[in-house]
Amino acid sequence: MLRWFLPFSFVVTIGLVGALMSLSLFRTPSESMMPTVQPGDRFVVNKWAYGYNSVSVPLFGPGLEPQSWLAGPPPQRGDVIVFLDTNQVPQRTLVARVVAIGGDEVAYRGGRLILNGETVPRELIAADSYVSRGRSAGVNRYRETLPGGHVHEIFERSDEEFLDQTWPVTVPEGRVFLLGDNRDSSRDSRAQGGPGMVPLTRILGRVSN
């Protein structure tokens with residue numbers, strides 16, 4: 001009886017550890033991903049989604065220089081991810097949406113996202129507002145459709161904000177271009193001093209729906 005019990009317990013323990021390592025609970029402190037993620041929201045991150053690296057494996061921790069360990073399926077346009085921003089001191093884990101992948105050309109022109117020379121469709125839903133730093137911020141709520149068919153909602157204060165004009169750049173293989181859904185209140189891949197085009201080895205995982 002004991003001979004069978006010990007291996008079973010070991011398997012169960014390994015399974016539980018694996019499950020805990022594959023999922024983590026996070027909370028976002030900022031408004032950068034509104035309306036998709038509200039400040040203070042908790043969400044689950046699937047760390048198996050793209051394979052493992054030293055950012056996503058708790059055994060090694062995010063303090064080490066990220067190195068690829070086990071590659072999985074790459075991120076897709078529209079995925080919401082958690083990643084390590086190494087351009088900040090101290091380093092921070094942030095959340096943003098993948099809008100362009102390796103080989104894509106991406107730009108922002110007149111407040112519109114341009115992918116591979118084509119303006120990404122968006123549909124005005126309604127005027128909206130939210131409280132930012134104790135004050136009401138007026139925005140337009142849009143429904144945006146990325147190449148491949150992924151649909152999500154975004155906020156835009158206007159089409160004439162600081163990051164609403166950027167030069168075209170080509171995303172290198174092994175990296176992704178990230179935007180916050182609250183486009184005029186997001187320190188994302190467009191911003192000088194922002195995270196830039198993020199290497200896959202710095203991605204912790206994908207936010208579960």
Side-chain angles (χ1 to χ4, degrees), residues 17-34 36-37 39 41-106 113 115-116 120 144 146-150 152 154 163 166 169-183 186-209:
V17 171
L20 291 173
M21 290 178 65
S22 67
L23 299 173
S24 285
L25 190 64
F26 283 81
R27 174 185 288 172
T28 179
S30 75
E31 61 193 42
S32 66
M33 278 298 292
M34 294 178 69
T36 306
V37 182
D41 276 359
R42 292 180 179 271
F43 50 89
V44 175
V45 175
N46 178 4
K47 295 189 290 185
W48 275 112
Y50 311 121
Y52 267 142
N53 56 53
S54 60
V55 172
S56 61
V57 180
L59 180 63
F60 302 115
L64 300 179
E65 178 64 18
Q67 298 292 331
S68 178
W69 181 44
L70 178 63
Q76 302 298 308
R77 300 184 197 94
D79 287 356
V80 177
I81 67 168
V82 172
F83 66 98
L84 181 66
D85 183 3
T86 58
N87 291 338
Q88 297 191 48
V89 180
Q91 299 177 3
R92 295 176 59 194
T93 50
L94 302 176
V95 59
R97 186 179 299 278
V98 176
V99 298
I101 57 179
D104 285 342
E105 183 187 79
V106 57
L113 175 61
L115 283 180
N116 301 317
V120 172
E144 185 176 75
L146 294 173
H150 182 89
H152 56 275
I154 63 171
L163 293 176
T166 68
V169 294
T170 299
V171 183
E173 294 296 334
R175 293 177 181 258
V176 291
F177 193 99
L178 304 172
L179 293 178
D181 288 348
N182 194 355
R183 295 289 166 80
S186 175
R187 182 179 173 275
D188 49 40
S189 293
R190 299 171 293 171
Q192 184 175 4
M197 291 180 277
V198 174
L200 303 186
T201 52
R202 301 193 196 281
I203 296 177
L204 193 148
R206 183 179 65 219
V207 176
S208 298
N209 295 329

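Residues take their numbers from the sequence shown, with the count starting at 1.
- Using a 4.5 Å cut-off on side-chain heavy atoms (C-beta onward), Ile101 and Val171 make no contact.
- In this structure the side chain of Val80 never reaches within 4.5 angstrom of the side chain of His152, judged on heavy atoms.
- Within the 4.5 Å cutoff, the side chain of Leu179 has no heavy atoms near those of the Arg97 side chain.
- In this structure a side-chain-to-backbone donor-acceptor pair under 3.5 Å is missing from Arg175 to Gly196.
- Listed here is the closest heavy atom pair of Leu163 and Ala191: CD2-CA, 4.0 Å.
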- Task: Take Asp41 and Met33 through the test side chain to side chain contact (heavy atoms under 4.5 Å, CB included) and record every step on the way to the result.
- Result: CA-CA 11 Å; Asp41 276 359; Met33 278 298 292; over 6 Å; no
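- No side-chain heavy atom of Leu84 sits less than 4.5 Å from a side-chain heavy atom of Leu204.
- A search for side chain to side chain contact (heavy atoms under 4.5 Å, CB included) contacts involving Leu178 returns Ile81, Phe83, Ala96, Val98, Val176, Ser189, Val198, not counting sequence neighbours.
- Of all non-hydrogen atoms in Arg187 and Pro195, the two that sit nearest each other are O-CD, 3.7 Å.
- Under the 4.5 Å side-chain criterion, counting only non-hydrogen atoms from C-beta, Phe43 is in contact with Val37.
- The shortest side-chain heavy-atom distance between Trp48 and Arg206 does not fall under the 4.5 Å cut-off.
- From Ser30, atom OG reaches atom CG of Leu94 across 7.5 Å, with rounding to the nearest 0.5 Å.
- Counting all heavy atoms, side chain and backbone alike, Val95 lies closest to Ser32 at O-OG, 4.3 Å.
- Under the 3.5 Å distance criterion, the side-chain polar atoms of Glu105 are left unmatched by any main-chain donor or acceptor of Gly103.
- At distances below 3.5 Å, not a single donor-acceptor pair connects side-chain atoms of Asp85 with backbone N or O atoms of Thr93.
- Under the 4.5 Å side-chain criterion, counting only non-hydrogen atoms from C-beta, Val106 is not in contact with Met197.
- One finds the CZ atom of Arg77 at 8.0 Å from the CG atom of Leu146 (value rounded to the nearest 0.5 Å).
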